[in-house]
Chemist: 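Here's a structure for you.
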There are 2 protein chains.
Amino acid sequence: MRARRANSREKILAAAAAVAREAGPGSLSLEAVASRAGVSKGGLLYNFPTKAKLMQGLVENYLSDFQKALEARAAEAGHESVLSAYIKLSADDCEQPKPSASWMFSAIAEDPDFLTPIKAFKRQLFERLKEETDDLGSLLVCFLAIEGMRSMNLFDSDVLSESERQLLVATLLKIAG
Amino acid sequence: MRARRANSREKILAAAAAVAREAGPGSLSLEAVASRAGVSKGGLLYNFPTKAKLMQGLVENYLSDFQKALEARAAEAGHESVLSAYIKLSADDCEQPKPSASWMFSAIAEDPDFLTPIKAFKRQLFERLKEETDDLGSLLVCFLAIEGMRSMNLFDSDVLSESERQLLVATLLKIAG
DNA sequence: TTGACAAGACCGTCCAGCCGGTACAGTAAG
DNA sequence: CTTACTGTACCGGCTGGACGGTCTTGTCAA
């Protein structure tokens, strides 16, 4: 299990995300990822026997990172609700001009089912948010607005200006109470 | 311009959307589209000399359809605002369980720039909505929530139940005033 | 007959996955 | 200590197949 020089697995995952972000989701080939990770193609295939496994690894990595970040935010003092934590986390995520998850498009092209765990995660998160409020309408609006913000970031959409995004987040936090 | 049997161009566009929707965005090849459209590959390439042109046609077709539908809604009696029309139109669009625009993923994989006209269109729409209200915060929330709803539909996400979506739309219409 | 349009074989390119190698760490017998 | 063996981590050339785009050969309406 231990790697001799470094953890190739993580390097490869990071490289895959970088390639998709910088060269476009259509350019996410095994060779490109291997080269970017400073690993040979054979080495990549050793860690991820198949491209599907690589995609799966990307999804799992993304989800566990997200989970960790959300938990950290929610545990911070001064957060009255998980929803607020989610809003702030998403706002920070969308701060970055470059979409960090373009690899999702590659995954969808490969097989739409790769996103199933992400859908399940979102539903789970939604259920959790439902438990801490009695105003389902407001929650829905907030939840979907965040979804919209994330989606725009994913599509690298500069439809909203910086100040508009800030106003949006402020308004959402007010609604969230 | 006139076609001998039917309008091949539209048939091809529809076939492309159908292939992306049913076989997955990764399966949108020229041969698959041609076959689905009941046209030979040569015939397809006659109408769209290149795959890029086909994608472009898909985008333009989508945008003009959307524009027409929105204008029709906005012109209907009883609509007090374009925002309401946009909300209702989007609600109806998302009624269909199958995402009608999976081809967008193929376009992104081909070249993310294909979506530039869509971004421009959205910005334009947003500017238009801004002019009919003085509550920018509420508009942002509504606009992004719609974006989120559309995004979930696009990703074929069944995160929200039917009744939840209805409540969402009702709440949005209330916010929109 | 002609020319607009369609057919599909064909070519070059690209890529996922395979496979035969290499290097090295740990183990253990002599 | 040394030699032989084993399993892990990684390398990179190869191949078979798929796909985009070209080209030649039809075909049918006027």
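Proteins come first, then strands; the chains are lettered A, B, ... in the order of their sequence lines, and each starts at number 1.
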Chemist: Among residues 20-32 of chain A, which ones have heavy-atom contacts with DNA chain D below 4.0 Å?
Modeler: none
Chemist: Has B:S40 got a side-chain N or O lying under 4.0 Å from the OP1 or OP2 atom of C:dA7?
Modeler: yes
Chemist: Going by salt bridge (Lys or Arg N to Asp or Glu O under 4.0 Å), name the pairs with one or both residues in residues 99-111 of chain B, residues two or more places apart or in two chains.
Modeler: B:K51-B:E110
Chemist: Considering residues at least two apart in sequence or located in another chain, which fulfil the ring-ring contact (aromatic ring centres under 6.0 Å, His included) criterion with A:F155?
Modeler: A:F105
Chemist: What are the residues of residues 43-51 of chain A, sorted by number, that bring a heavy atom to within less than 4.0 Å of DNA chain D?
Modeler: A:G43, A:Y46, A:N47
Chemist: Only distances under 3.5 Å count here; give the side-chain donor-acceptor pairs of residues 165-176 of chain B to other protein atoms, sequence neighbours excluded, each with its distance to 0.1 Å.
Modeler:
from   : atom 1 : to     : atom 2 : distance (Å)
B:R165 : NH2    : B:E162 : OE1    : 2.8
B:Q166 : NE2    : B:E162 : OE2    : 3.4
B:T171 : OG1    : B:L167 : O      : 2.7

Chemist: Please state how far atom CD1 in B:I12 lies from atom C1' in C:dA6, giving the value in whole angstrom units.
Modeler: 11 Å
Chemist: Provide the full list of side-chain hydrogen bond (donor to acceptor under 3.5 Å, both in side chains) pairs with a residue in residues 131-149 of chain A, sequence neighbours left out, each pair given once.
Modeler: A:K122-A:E147, A:D135-A:S138
Chemist: Output the distance between atom NZ (A:K88) and atom CG (A:L83), rounded to the nearest 0.5 Å.
Modeler: 10.5 Å
Chemist: If a pair satisfies ring pair (Phe, Tyr, Trp, His ring centres under 6.0 Å) and one of its residues is in residues 158-177 of chain B, list it, with sequence neighbours excluded.
Modeler: none
Chemist: To the nearest Å, give me how far apart CD (B:E110) and C1' (D:dG20) are.
Modeler: 9 Å
Chemist: Tell me, which pairs form a ring pair (Phe, Tyr, Trp, His ring centres under 6.0 Å) where one or both residues lie in residues 19-64 of chain A, sequence neighbours left out?
Modeler: A:Y62-A:W103
Chemist: Taking salt bridge (Lys or Arg N to Asp or Glu O under 4.0 Å) as the cut-off, I'd like each qualifying pair that reaches into residues 20-46 of chain B, sequence neighbours left out, listed once.
Modeler: B:E22-B:R36, B:E31-B:K41
Chemist: Can you tell me if the side-chain N/O atoms of B:S8 get under 4.0 Å from OP1 or OP2 in C:dA6?
Modeler: yes
Chemist: Do A:K41 and D:dG13 share a donor-acceptor pair, side chain to base, under 3.5 Å?
Modeler: no
